[in-house]
Amino acid sequence: MQQQIVLASRNPGKIEEFRELLAPLGLTVVSLLDLPEIPDIVEDGDTFYANARIKAEAVCQATGLSTLADDSGLVVHYLGGAPGVHSARFALPEAGDVANNAKLLSVLEHVPEYKRQAHFTAVLAWARPGGTTRFTTGRCFGVIAKRPRGDHGFGYDPLFYMPELGKTMAEIDNELKNQISHRAKATQHMLLMLNATYSGCSAS
Ligand code: IMP
């Protein structure tokens, strides 16, 4: 019998990405697009862990099904970790990527390159009915550039410069991003955990 796992997201790109990643496990991935009765969940945690947990446990409780949820963002060391969990709304609520990037450039205007280190973090939470919630994390390190470069990706990608590649995250294609990104790393770790539980579940 094929088992189901819920992905606590309404983002079609993310849903597709997780469907592909989870395909080898033989799981049916149900997303919040398939469950319109589940209301929006308020992500008011102070950490990526807290927000991932809030989403995973709320949806697990509502559906009675094993649930995955992620939370991610940009951590700038000079800014004491900001924008962090506020990455999506750094400039203003609903401000969007262009305004967020403009604000980041402005608050770092006089900060020299050697103090512009940053990383993206992604946390994945896996909540199971009657079980404890488990987490995995992925990080990707870089430097905040002085001006945006590249058209790929989203969010802070045009300002996230990776010295070892000589490129911003927006200058690499999706295939490479999906190998090196914070989300890819957190997902690979989660797959190891899921694999131990679900491997071969479609065979029976
Ligand atoms: P969420 O986890 O999808 O809600 O992402 C929160 C915010 O973090 C996004 O709106 C982006 O601003 C930022 N972010 C997360 N991951 C990335 C990434 O891979 N590239 C650029 N920005 C990202």
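When reading the values below, keep in mind they use all heavy atoms of this one structure, side chains included, and skip hydrogens, waters and symmetry mates. Ligands are counted one by one from 1 in listed order, and the atoms in each one are counted from 1 as well.
Side-chain atoms of Arg19 come within 3.5 Å of backbone N or O of Val29 as a donor-acceptor pair. In this structure, Thr47 contributes its side chain and Gly45 its backbone to no donor-acceptor pair below 3.5 Å. Under the 3.5 Å distance criterion, the side-chain polar atoms of Lys103 are matched with a main-chain donor or acceptor of Phe90. The main-chain N or O of Ser31 is found under 3.5 Å from a side-chain atom of Asp34 such that the two form a donor-acceptor pair. Between the side chain of Arg116 and the backbone N or O of Val111 there is at least one donor-acceptor pair closer than 3.5 Å. Lys55 contributes a side-chain N or O that, together with a main-chain N or O of Asp70, makes up a donor-acceptor pair within less than 3.5 Å.
Aromatic ring pairs are classed by plane angle as parallel below 30°, tilted from 30° to 60° and perpendicular above 60°; the pair Phe141 and His77 is perpendicular.
Proximity to Gly155 (heavy-atom distance under 4.0 Å) selects the following atoms of ligand 1: 21 (C), 22 (N). Contact atoms of ligand 1 toward Lys177: 18 (C), 19 (O), 20 (N) (distance under 4.0 Å to a heavy atom of the residue).
Taking a 4.0 Å cut-off on heavy atoms, Asp157 registers as neighbouring ligand 1. Judged by the shortest distance from any of its heavy atoms, Glu43 lies outside the 4.0 Å radius around the atoms of ligand 1. Residue contacts with ligand 1 include Asp71, since one of its heavy atoms falls under 4.0 Å from the ligand.
Enclosure of atom CD in Gln117 by more than 12 non-hydrogen atoms of other residues, nucleotides or ligands within 6.0 angstrom is indicated.
The nearest protein atom to atom 10 (O) of ligand 1, hydrogens excluded, is given as Ala88 CB, 3.5 Å; this is a heavy-atom distance. The single protein non-hydrogen atom nearest to atom 22 (N) of ligand 1 is Tyr156 N, 3.2 Å, given as residue, atom name and distance. The nearest heavy-atom contact from the protein to atom 17 (C) of ligand 1 is Phe154 CZ, 3.4 Å. If you check which protein heavy atom lies closest to atom 16 (N) of ligand 1, you get His182 NE2, 3.2 Å. Closest protein heavy atom to atom 3 (O) of ligand 1: Lys14 NZ, 2.8 Å. For atom 6 (C) of ligand 1, the closest heavy atom belonging to the protein is Ser72 O, 3.2 Å.
Hydrophobic clustering, with ILVMFWY side chains joined whenever heavy atoms are under 4.5 angstrom apart, groups Ile15 together with Leu25.
Remark: ligand 1 and Asp97 share no N or O pair separated by less than 3.5 Å (distance only, no angle test). The shortest N or O to N or O distance between Arg183 and ligand 1 is under 3.5 Å.
When heavy-atom distances to ligand 1 are checked against a 4.0 Å cut-off, Met169 has no atom that comes that close, whether in backbone or side chain.
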